[in-house]
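Read the structure below first, then the notes.
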Amino acid sequence: MMKPRIKMGLITGAIGLALNVCVSLLVGFCGPAVSLVAGAAAGFLAVQQEKPASKREGAQAGATAGAIAGGLVIVGQVIGGLGALMLIQFSGVQLGFGRIPVPSADAASQAMYYLSGMATAFCFGIIGALLAAGAGAGAGYLAVSEQPAPPLDPTQG
């Protein structure tokens, strides 16, 4: 049976992946925000299902779930980034910086355009995955309510 931290990380990550494709397609640098939310949600949900005994264990479960979710959201960041590159290239829009090759440009220009775009999207995705793991750990830590230790009975010495 799959641990809740893995299951919640995968479920939340799949939702984040789909959402981040759309977000990254429109505004690529907002992708880490999706990762942050997905990581926190994954961490919180994992702790709700696992019910760890201490805040430390909650933070560990949340970090694991958040990191898994963040890893999947990286995929969405790259897919969305590629989609944005294709839209920009085929629309013929020229930006104020760099040169966008026309669709009929040579293979080297095309490869450099798409590889550099993918690398940029991947870097944003890595930042998002780190944020997701941190948010998952924080949510996991906060979601655990530690029970205070019972007072010592002075009659039992």
Side-chain angles (χ1 to χ4, degrees), residues 1-91 93 95-98 100 110-152:
M1 186 165 158
M2 191 180 307
K3 285 186 174 183
R5 64 183 76 184
I6 295 171
K7 185 168 79 172
M8 288 299 108
L10 290 172
I11 291 170
T12 309
I15 294 167
L17 184 153
L19 183 60
N20 207 19
V21 168
C22 300
V23 169
S24 296
L25 184 65
L26 300 174
V27 186
F29 60 85
C30 289
V34 174
S35 297
L36 188 68
V37 173
F44 178 79
L45 293 171
V47 166
Q48 293 302 307
Q49 288 196 357
E50 282 190 22
K51 301 194 184 337
S54 70
K55 288 191 172 287
R56 181 178 166 276
E57 291 172 6
Q60 287 175 337
T64 301
I68 292 168
L72 288 172
V73 175
I74 289 175
V75 176
Q77 182 79 32
V78 173
I79 293 170
L82 282 174
L85 291 171
M86 292 164 91
L87 279 174
I88 291 169
Q89 185 181 37
F90 287 104
S91 70
V93 173
L95 302 176
F97 56 90
I100 299 171
Q110 296 282 353
M112 187 59 111
Y113 174 69
Y114 283 105
L115 288 175
S116 64
M118 284 175 51
T120 302
F122 186 74
C123 286
F124 277 110
I126 291 293
I127 291 167
L130 293 172
L131 288 172
Y141 180 85
L142 293 173
V144 174
S145 58
E146 288 185 8
Q147 301 298 322
L152 296 175

- Item | From CE (M118) to CD1 (I79), nearest 0.5 Å | 10.0 Å
- Task: Considering non-hydrogen atoms only, spot the tightest contact between G9 and A42 and give its length.
- Result: CA-CB, 4.2 Å
- Note on the structure: Nearest heavy-atom contact between A121 and V78 is CB-CA, 3.9 Å
- Message: Taking E50 first and then K3, would you say they form a salt bridge - that is, a charged N and a carboxylate O separated by under 4.0 Å?
- Response: no
- Note on the structure: One should read off an interatomic distance between I11 CD1 and L72 CG, to the nearest 0.5 angstrom, of 11.5 Å
- Message: Could you report the tightest heavy-atom contact between G43 and A139, atom names first, then the distance?
- Response: C-CB, 4.5 Å
- Item | Nearest-0.5 Å distance, CG of residue L87 to CG of residue L26 | 9.0 Å
- Query: Roughly how far, to the nearest 0.5 Å, is CD1 of I74 from OG of S24?
  - Reply: 11.5 Å
- Hey, mind stepping through M8 and F44 against side-chain contact (heavy atoms from CB on, under 4.5 Å) and telling me if it holds? CA-CA 9 Å; M8 288 299 108; F44 178 79; over 6 Å; no
- Note on the structure: d(Q89 CD, L82 CG) to nearest 0.5 Å is 11.0 Å
- Task: Please report the C-alpha distance between N20 and V23 in whole Å, then the side-chain angles of each, then the deciding distance to 0.1 Å, and finally whether the side-chain contact (heavy atoms from CB on, under 4.5 Å) criterion is met.
- Result: CA-CA 5 Å; N20 207 19; V23 169; 4.0 Å; yes
- Task: Check E57 against P52 and note the closest heavy-atom contact, atom names and distance.
- Result: CB-CB, 3.7 Å
- Is Y113 atom OH crowded by more than 12 heavy atoms from other residues, nucleotides or ligands, each under 6.0 Å away? yes
- Query: Can you tell me if NZ on K7 sees more than 12 non-hydrogen neighbours from other groups inside 6.0 Å?
  - Reply: no
